[in-house]
Asks: 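Sharing a structure below in structure tokens format, with a few things to ask.
Below, all heavy atoms of this structure are taken into account, side chains as well, without hydrogens, waters or symmetry copies. In this text, all values refer to a predicted model and were calculated from it rather than measured experimentally. Numbering of ligands and ligand atoms starts at 1, following listing order. Positions are given from 1, in the same order as the sequence printed here.
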Amino acid sequence: MGAQSLAMACGALALCLALTGAANPGVVVRITQAGLDYAHQQAITILEKELAQLKLKDISGDSRIRHVGKVHYEISRLSLRSFHLPHSRISLVPGVGLQVSISNAFAEVDGNWRVKLLFIRDHGSFHLKVENVYIKVNLKLSSNGSGKPTISSSNCNTRISRVRVRFSGRLGWLYNLFHSTIESRFRKLLESKVCEVVASSVRKNLQPYLQTLPVTARIDATAGIDYSLVAPPTATAQSLDVDLKGEFFSLAHRSAVPFSPPPLALPPDHDRMVYFGVSSYFFNTAGFTYQAAGALVFEITDSLIPKGFDFHLNTTTFSAFIPQLDKMYPDMPMKLRLSAPSAPFLSIGPKGLSLRPVVDIQAYAILPNSSLVPLFLLSLTGNVSAVVDVKSGHVAGSLQVGRMKLSLKHSDVGTFQVRMLQSIMNIFSSSILLPNLNERLNQGFPLPLPDRIQLSNILVRFYQNFLLLGADVQYQPR
Ligand SMILES: *[C@@H]1O[C@H](CO)[C@@H](O)[C@H](O)[C@H]1NC(C)=O
Ligand SMILES: *[C@@H]1O[C@H](CO)[C@@H](O)[C@H](O)[C@H]1NC(C)=O
Ligand SMILES: *[C@@H]1O[C@H](CO)[C@@H](O)[C@H](O)[C@H]1NC(C)=O
Ligand SMILES: *[C@@H]1O[C@H](CO)[C@@H](O)[C@H](O)[C@H]1NC(C)=O
């Protein structure tokens with residue numbers, strides 16, 4: 001595509017950034033060496049089981065024994081009794097990916113032998129010990145066209161430096177004379193097989209598991225979160241960093257976000273297994289999506305007023321502040337419609353998370369035939385701070401409201417002193433709106449985690465433009 005047609009196709013700048021991949025991530029997942037070590041432990045247990053199920057084909061051939069002559073041998077029913085991987089480690093290879101090195105692995109193999117030597121035909125069983133097995137393999141992480149993580153193995157190398165075979169049986173001593181032939185064939189056979197098992201285990205187990213990362217997580221009837229990878233994961237000397245889009249989108253109609261993510265500079269912390277850098281962009285796309293979908297609307301009627309408040313939401317109550325109301329609409333129930341005229345904008349700094357939402361409050365009288373008559377429109381602004389927590393793999397939060405400021409935007413009932421409404425509106429916002437909002441925020445939004453992962457030992461810190469969540473990980477086997 002030419003530059004001109006690309007520019008035309010892009011249209012909106014935000015969309016252009018998304019297409020060219022120049023955008024900063026909305027969420028960064030950082031896996032530290034501690035996290036890699038944990039994942040490695042789980043993977044090695046699986047690999048050990050798969051290696052123990054390795055199928056080896058029969059071996060046959062001829063060997064010459066000095067002073068005796070040519071022996072024809074057949075080795076069959078080879079069966080691995082065990083494969084142990086006691087020493088292994090995973091390391092970061094900056095710019096490349098990960099490297100797994102396994103040393104001093106050992107295995108035991110049983111099998112049957114059959115020998116033809118001159119006029120002797122003999123058979124029996126044998127036991128073989130394989131020791132000092134070294135395996136080295138690189139793991140390369142990337143992402144596919146849909147932003148799903150991918151993993152593949154490369155440069156696999158297996159070296160076995162010790163194989164010992166013992167033939168048992170009447171003439172065992174004789175056959176043990178050509179053990180080196182068997183051992184070297186066996187070593188080659190096993191060396192070629194181990195890397196096949198490693199590659200297939202990565203393909204069969206690791207890749208499908210990584211792809212359980214929900215790159216698009218539906219969260220409710222309105223929105224989803226896009227957690228697709230915006231670039232292949234990068235390995236540095238300290239960690240594996242995965243940049244995710246981290247963006248809310250409308251399920252009904254996805255549109256380009258009219259602002260872009262700020263850069264995130266994660267601190268070099270490494271005592272937790274995993275860190276999530278959650279940009280203010282993530283939260284602001286939530287606000288943008290819910291506001292655009294018309295979901296930031298909340299209606300208060302008399303039935304929502306908590307017990308214990310000794311008043312009703314009606315024109316009699318309000319006529320204490322707006323005397324003319326009683327004459328215009330005597331003793332009629334009222335309704336308040338709270339809505340966000342624009343998406344709430346949240347900022348994150350070292351002191352925490354704060355937002356200054358603007359809430360429109362439209363008051364109505366409800367006529368006997370249920371029609372609504374608009375009375376007045378107020379604007380409520382205030383400083384809101386948020387507390388953030390992580391619960392069952394979700395970022396959850398709750399808002400705390402500071403002092404609120406009320407102003408009149410429009411009145412259909414003549415003038416009145418807005419200041420007088422301050423305390424009653426405080427009750428509506430702090431005792432009705434806020435608990436409802438916090439109940440939703442308390443359920444949280446899912447973090448990008450593959451299946452069966454539990455987080456513990458949570459840490460929450462604030463930095464310029466992002467929230468840092470640290471955690472240790474526990475994998476729950478099925
Ligand atoms: C990426 O991988 C997922 C899961 O395997 C698959 O559904 C999707 O089609 C892949 N996307 C591309 C472009 O290959
Ligand atoms: C309106 O509110 C006042 C005081 O809160 C209450 O005494 C009155 O019964 C209410 N009227 C209706 C129709 O609910
Ligand atoms: C309800 O009553 C008001 C005033 O009596 C009237 O103007 C309005 O048209 C009525 N609405 C409906 C839907 O009947
Ligand atoms: C909110 O905070 C800003 C800056 O800290 C301050 O100027 C403003 O007066 C505060 N608003 C209210 C309603 O307290």
Asks: Show the atoms of ligand 3 that are less than 4.0 angstrom away from any heavy atom in S371.
Replies: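 What qualifies from ligand 3 is 1 (C), 10 (C), 11 (N), 12 (C), 13 (C).
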
Asks: Looking only at protein heavy atoms, which one is nearest to atom 8 (C) of ligand 2, and how far off is it?
Replies: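 Answer for atom 8 (C) of ligand 2: N314 ND2, 3.7 Å.
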
Asks: For atom 11 (N) of ligand 3, is some protein heavy-atom partner under 4.0 Å away?
Replies: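 Yes; the ligand atom in question has protein heavy-atom contact below 4.0 Å.
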
Asks: Do protein heavy atoms approach atom 2 (O) of ligand 3 to less than 4.0 Å?
Replies: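 For atom 2 (O) of ligand 3 the answer is yes, since some protein heavy atom falls inside 4.0 Å.
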
Asks: Tell me if the CZ atom of R254 is crowded by more than 12 foreign heavy atoms within 6.0 Å.
Replies: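 Yes, because the 6.0 Å sphere around CZ of R254 holds more than 12 heavy atoms from other groups.
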
Asks: Indicate yes or no: does an N/O atom of D310 lie under 3.5 Å from an N/O atom of ligand 2?
Replies: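 Such a contact does not occur with ligand 2.
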
Asks: Would you say the side-chain atoms of T158 pair up with the backbone N or O of V194, donor to acceptor, closer than 3.5 Å?
Replies: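 Not confirmed, T158 side chain does not pair with V194 backbone.
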
Asks: In the structure I gave you, are the side-chain heavy atoms of L355 and N383 within less than 4.5 Å of one another anywhere?
Replies: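 L355 vs N383: side chains apart.
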
Asks: Hey, are E191 and K188 close enough for a salt bridge, meaning a charged N less than 4.0 Å from a carboxylate O?
Replies: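 Not counted as a salt bridge, because no side-chain N and carboxylate O are separated by less than 4.0 Å.
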
Asks: Which of the numbered atoms in ligand 2 are under 4.0 angstrom from any heavy atom belonging to D331?
Replies: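 Close to D331: 1 (C), 10 (C), 11 (N), 12 (C), 13 (C).
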
Asks: Using a distance threshold of 4.0 Å (strictly less than), state whether atom 14 (O) of ligand 1 has a protein heavy-atom neighbour.
Replies: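 Yes, at least one protein heavy atom sits under 4.0 Å from atom 14 (O) of ligand 1.
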
Asks: Within the 4.0 Å heavy-atom shell around T317, which atoms of ligand 2 are there?
Replies: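 Listed by number with element, the hits are 2 (O), 4 (C), 5 (O).
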
Asks: Is it the case that more than 12 heavy atoms not belonging to R440 sit under 6.0 Å from its CZ atom?
Replies: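 It does: R440 CZ has more than 12 such atoms within range.
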
Asks: Tell me: protein heavy atom nearest atom 4 (C) of ligand 3, and distance?
Replies: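 Atom 4 (C) of ligand 3 sits closest to the protein heavy atom L367 CD1, 4.0 Å.
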
Asks: Which atoms of ligand 1 sit under 4.0 Å from any heavy atom of N144?
Replies: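 Close to N144: 1 (C), 2 (O), 3 (C), 8 (C), 10 (C), 11 (N), 12 (C), 14 (O).
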
Asks: State which residue, out of F282, Y227, F283, Y281, fulfils the ring pair (Phe, Tyr, Trp, His ring centres under 6.0 Å) condition with F248.
Replies: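 Exactly one pass, corresponding to F282.
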
Asks: Please write down residue, atom name and distance for the protein heavy atom closest to atom 5 (O) of ligand 3.
Replies: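 The protein heavy atom lying closest is N369 ND2, 4.7 Å.
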
Asks: In the structure I gave you, are the side-chain heavy atoms of V401 and S430 within less than 4.5 Å of one another anywhere?
Replies: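 No. Closest side-chain heavy atoms not under 4.5 Å.
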
Asks: Is the distance from the ring center of F466 to that of F276 below 6.0 Å?
Replies: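 Between F276 and F466, which both carry aromatic rings, the centre distance is not below 6.0 Å.
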
Asks: Between R461 and D269, is the closest basic N to carboxylate O distance under 4.0 Å?
Replies: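 The answer is yes: the pair qualifies as a salt bridge.
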
Asks: If we only count N/O pairs under 3.5 Å, is T316 in contact with ligand 2?
Replies: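 No; every N/O pair is 3.5 Å or more apart.
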
Asks: With heavy atoms of S146 as the reference, note each atom of ligand 1 found under 4.0 Å away.
Replies: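 In order of numbering, the contacting atoms are 1 (C), 8 (C), 10 (C), 11 (N), 12 (C), 13 (C).
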
